[in-house]
Amino acid sequence: MPNKRSGGGLSATQQAAKFLGVSVLAGAVMAGIALPAVGALGLAAKGSVEGFDELPANLKQPPLSQRTTILDSKGDSIATVYSRDRTVVDLKEISPYMQKAVIAIEDARFYQHGAIDLKGVLRALNRNAQEGGVAQGASTLTQQLVKNVAVEEAGDDPTLVAQATQQTLGRKIQELRHAIQLEEELSKKKILENYLNITFFGQQSYGVEAASRRYFSKSAKDLDVEEAALLAGIVQSPSRYDPVNDPQEATKRRNIVLQRMADLGDISQAEADKAKEKPLGLDISKPKNGCITAVKNAGFFCDYVREVFLNDRVFGKTKEDRAKIWNQGGLTIRTTMDPKAQKSVQSSIKDHVNQKDDVATAATIVEPGTGKILAMGQSRPYGLDTKKNETSINLSVDESMGGGAGYQPGSTFKPIVAAAAIEGGMSPTKSYSAPYKMEYPSPISVCGGKNWVNTDGTTLTNENEAEVGPYSMKKATALSVNTYFVQMIADVGICPVTKMAGKMGVERADGSKIGQNPSIALGTQEMSPLTMANAYATFASRGMYCTPVAIESITQRVGEKSKSLEVPKSTCSRAMSENTADTINTLLRGVVEDGTGTEAGLGSRPSAGKTGTTDFRYAAWFVGYTPNMAGAVWVGDPAHERRMVNITIGGEWHEKVFGGRVPGPIWRDMMSGALEGEPAPDFTLVNIPDPKPDRGRGDDDKGNDDNDNGGNGNGGNDGGIIGGTDGGTFPTPDFSIPEGWIQGQTNGGGNGNGNGGGFG
């Protein structure tokens with residue numbers, strides 16, 4: 001049995017013999033001698049020398065992960081994200097003190113030896129034999145660089161990291177061979193530059209530039225001698241010599257480096273002694289990584305950009321390929337976010353909804369005709385502290401892009417039904433009886449040549465008994481009359497409506513298909529605010545739908561060079577004729593002029609839009625637009641538990657919340673600020689003749705809004721139109737669709753999907 005030291009492990013003689021064995025192997029490698037796979041030194045383990053002559057293609061210039069900077073449309077920084085906090089710099093951008101310090105303490109003969117320092121090996125062998133353990137290593141900077149490259153390529157995979165750092169003879173041999181290759185192909189200065197850019201300096205800092213900025217809040221080119229000595233000393237053990245957590249130990253290590261520099265003649269002894277007397281002089285900059293640190297309240301927009309990158313095949317064939325590029329970083333991403341619009345969105349949200357309210361709001365603005373997402377915000381900030389109502393769920397987007405499963409849009413879906421009808425040839429003067437109460441018409445055609453049949457005799461109602469047709473399309477849209485739009489979809493068929501929705505980019509937030517039943521006319525399918533804003537942008541651009549985009553351009557730095565990456569482009573297609581879009585614009589302009597959305601009006605600036613309030617007031621919406629911007633505002637409980645009755649929102653008490661009262665003013669204020677100083681073009685309107693006056697129906701002093709209430713969706717009566725009711729403030733939904741009758745009845749559980757039929 002081998003003799004062991006009292007503390008365990010090999011004896012001093014055995015340690016020396018083992019180290020000598022490695023040295024002999026090093027000499028053999030240097031001489032280019034081919035090593036046998038099986039021999040006296042026991043190299044039979046599989047993989048110990050496998051791939052001995054195979055070098056990574058990028059070893060000369062390792063693919064160092066760097067910071068990625070995300071910019072707004074004006075070029076100002078939104079956030080910095082990184083897998084490794086690193087900024088690659090040229091050697092000339094690194095203080096000469098830093099270069100000398102790291103060589104002095106890590107590899108004093110760096111400029112004299114080749115890949116392997118045999119003199120250093122023998123010195124370490126003698127020292128370790130004397131100490132009875134491994135007190136001193138003999139790896140050159142080149143060998144350390146090789147090991148760091150392997151660790152870098154392993155990324156965050158613990159198994160690969162362990163393999164890259166395992167203390168086996170096979171790995172050491174590969175390391176030596178790679179070091180020889182580097183010395184043959186790179187200059188000493190280039191090896192030093194790569195080493196200083198890849199090395200870990202603790203405190204999440206990779207590379208000397210990031211370390212200099214972390215510890216001293218300055219560039220590496222400006223490091224003084226004592227600062228450089230401190231950083232050089234950290235390299236051997238970043239945790240042990242961490243100046244933040246153990247300044248005393250870090251000071252000792254710094255002074256060792258300073259003395260070593262003096263011994264080698266890099267600085268005078270007087271300079272070293274003077275530097276040793278100085279305090280550490282730390283000026284710590286805290287790590288700022290990830291979308292959680294985004295400025296301008298753009299954390300969720302930042303996160304959406306990341307999701308776009310990881311999900312779009314333009315950046316790589318597989319998600320793994322795309323993730324590798326993202327984690328490698330070095331990207332400068334210019335986004336479509338307009339700082340003025342973003343500021344206006346968040347300002348309006350802050351004015352109307354508090355972070356700690358029982359309900360939340362989310363809002364998005366897009367540019368018609370381009371698909372550019374200009375702003376995205378919500379009242380619950382980006383974060384992980386649920387006690388403070390923080391969330392990492394982006395309430396504005398679909399589930400696949402970091403959002404929840406969506407919210408029923410209620411009556412904001414009705415213009416899509418009208419667009420399908422008009423595109424199919426229906427006259428905008430079309431009138432329906434629109435009684436207060438009716439059964440869902442049956443049968444109604446659906447896609448695939450089949451019919452939907454009302455087997456249970458399910459009924460729906462308008463808001464109150466005084467709301468009785470006949471109604472024209474113009475008035476029914478302004479008042480959001482449920483029975484009118486259900487009669488319309490019965491005539492048009494469900495399939496043309498779902499196809500029109502598809503052409504406008506409207507899909508369920510959870511990724512499933514839109515249900516084939518007539519209740520879709522009342523907004524029963526869960527959607528995201530981004531989806532609805534971009535759909536209404538189709539009306540604003542006179543029928544042209546453009547896919548949403550968040551990225552303008554990307555530049556990637558690889559080594560010393562930069563290149564542009566291809567980015568997703570908005571694809572525009574005609575969803576409807578210009579005449580159809582102009583007709584819808586005329587109808588929806590009436591909503592904000594004297595319909596349910598009067599509180600969302602933009603004054604003299606032409607605008608159009610639609611309110612929506614869902615069953616039992618779990619959600620309320622306003623989606624509207626001008627010819628140059630479209631925006632959607634949702635208000636509700638993401639968990640779908642709190643009904644918005646007898647509730648305080650933004651410090652204001654509401655007996656009942658509906659689309660025109662809370663979301664409408666949010667939309668008005670955010671759009672006013674976003675459009676400030678922008679042109680105010682008008683819509684291309686069409687003439688929609690008014691029908692003969694309806695019979696009198698008496699006044700309704702409740703002023704009911706468009707609460708489209710599921711199976712009994714109650715159309716609102718915001719007054720101001722001849723024949724309509726006055727008021728327009730307190731709709732009263734009291735009905736719901738029978739349980740299980742519509743698709744998508746799921747509990748959000750905090751992820752933002754609706755529960756039950758809410759159609760307003």
Side-chain angles (χ1 to χ4, degrees), residues 67-82 288-309 331-353 355 361-383 394-397 401-402 529-530 533-534 537 540 546 548-555 567-570 602 605 607 624-633 665-681:
R67 297 182 179 190
T68 285
T69 303
I70 301 177
L71 310 175
D72 63 27
S73 63
K74 306 301 183 184
D76 295 325
S77 177
I78 296 173
T80 300
V81 299
Y82 48 79
K288 293 183 178 180
N289 178 28
C291 293
I292 198 169
T293 65
V295 298
K296 305 172 186 176
N297 295 291
F300 291 104
F301 189 94
C302 168
D303 194 64
Y304 182 78
V305 169
R306 174 182 172 275
E307 292 291 341
V308 169
F309 194 99
L331 308 173
T332 300
I333 303 176
R334 195 180 188 106
T335 71
T336 60
M337 193 189 88
D338 178 72
K340 181 173 66 173
Q342 181 69 20
K343 180 179 180 181
S344 185
V345 165
Q346 284 300 143
S347 177
S348 180
I349 287 173
K350 185 177 180 180
D351 287 344
H352 294 281
V353 182
Q355 178 178 335
T361 186
T364 300
I365 299 177
V366 300
E367 183 176 73
T370 68
K372 292 179 181 180
I373 304 171
L374 304 180
M376 182 182 292
Q378 61 191 54
S379 59
R380 294 186 178 176
Y382 194 96
N394 188 344
L395 304 177
S396 289
V397 302
M401 299 300 287
L530 175 58
N534 208 42
C546 297
V549 290
I551 299 174
E552 293 266 26
S553 65
I554 298 180
T555 301
V567 299
K569 302 295 184 183
S570 180
L602 300 179
R605 181 182 290 272
S607 63
Y625 54 97
T626 68
N628 43 359
M629 283 190 193
V633 175
I666 296 174
W667 184 91
R668 176 196 64 214
D669 293 349
M670 79 175 191
M671 294 293 282
S672 294
L675 289 163
E676 185 177 356
E678 301 294 326

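Just so you know, these numbers use all the heavy atoms, side chains as well, and skip hydrogens, waters and symmetry mates.
- With values rounded to the nearest 0.5 angstrom, Y625 atom OH is found 13.5 Å from N534 atom CG.
- Here CD1 of I349 is found 12.5 Å from CZ of R380. Values are rounded to the nearest 0.5 Å.
- Checked by atom type and distance alone, the side chain of S570 pairs as donor or acceptor with a backbone atom of T370 at under 3.5 Å.
- A 4.5 Å side-chain heavy-atom check between T332 and L71 finds at least one atom pair inside the cut-off.
- Closest approach of A630 and P368 over heavy atoms only: N-CD, 4.0 Å.
- Looking at K296 and D72, their side chains come closer than 4.5 Å, going by heavy atoms from C-beta outward.
- To the nearest 0.5 Å, atoms CE (M671) and OG (S344) are separated by 9.0 Å.
- By the 4.5 Å heavy-atom criterion applied to side chains, K340 and L374 are not counted as neighbours.
- Side chains of S348 and I666 form a contact here, defined as non-hydrogen atoms less than 4.5 Å apart.
- Between V81 and N289, the closest side-chain pair of non-hydrogen atoms falls below 4.5 Å.
- At least one donor-acceptor pair under 3.5 Å links the side chain of T336 to the backbone N or O of I373.
- Between P665 and H352 the shortest side-chain heavy-atom distance falls below 4.5 Å.
- Distance check, rounded to the nearest 0.5 Å: CD of E367 to CE of M629 gives 7.5 Å.
- In terms of modelled atom types and a separation under 3.5 Å, the side chain of S379 and the main chain of T361 share a donor-acceptor contact.
- Distance CE/M670 to OG1/T364: 7.5 Å, rounded to 0.5 Å.
- Contact check for I554 versus R334: no side-chain heavy atoms found under the 4.5 Å cut-off.
- Here the shortest heavy-atom pairing between N628 and P681 reads ND2-CD, 3.9 Å.
- When every heavy atom of I333 is checked against every heavy atom of I551, the shortest pair comes out as CG2-CG2, 4.0 Å.
- Nearest heavy-atom pair, T335 versus E552, reported as atom, atom and distance to 0.1 Å: O-CG, 3.4 Å.
- Minimum interatomic distance between Q346 and Q378 (heavy atoms only, all atoms of both residues): OE1-N, 3.3 Å.
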Going by atom type alone, with no hydrogens or angles, which donor-acceptor pairs under 3.5 Å involve a side-chain atom of residues 297-308 and a protein atom two or more places apart or on another chain?
residue, atom, partner, partner atom, Å
D303, OD1, Y382, OH, 3.3
E307, OE1, N311, ND2, 3.2

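- The NZ atom of K74 sits 5.5 Å away from atom CG of D338, with the distance rounded to the nearest 0.5 Å.
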(request) Decide yes or no on side-chain contact (heavy atoms from CB on, under 4.5 Å) for L675 and L602, but give the supporting numbers first. (result) CA-CA 10 Å; L675 289 163; L602 300 179; 4.2 Å; yes

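- Between N394 and M376, some side-chain heavy-atom pair lies under the 4.5 Å cut-off.
- The two residues A363 and S396 make their nearest non-hydrogen contact at O-OG, 3.7 Å.
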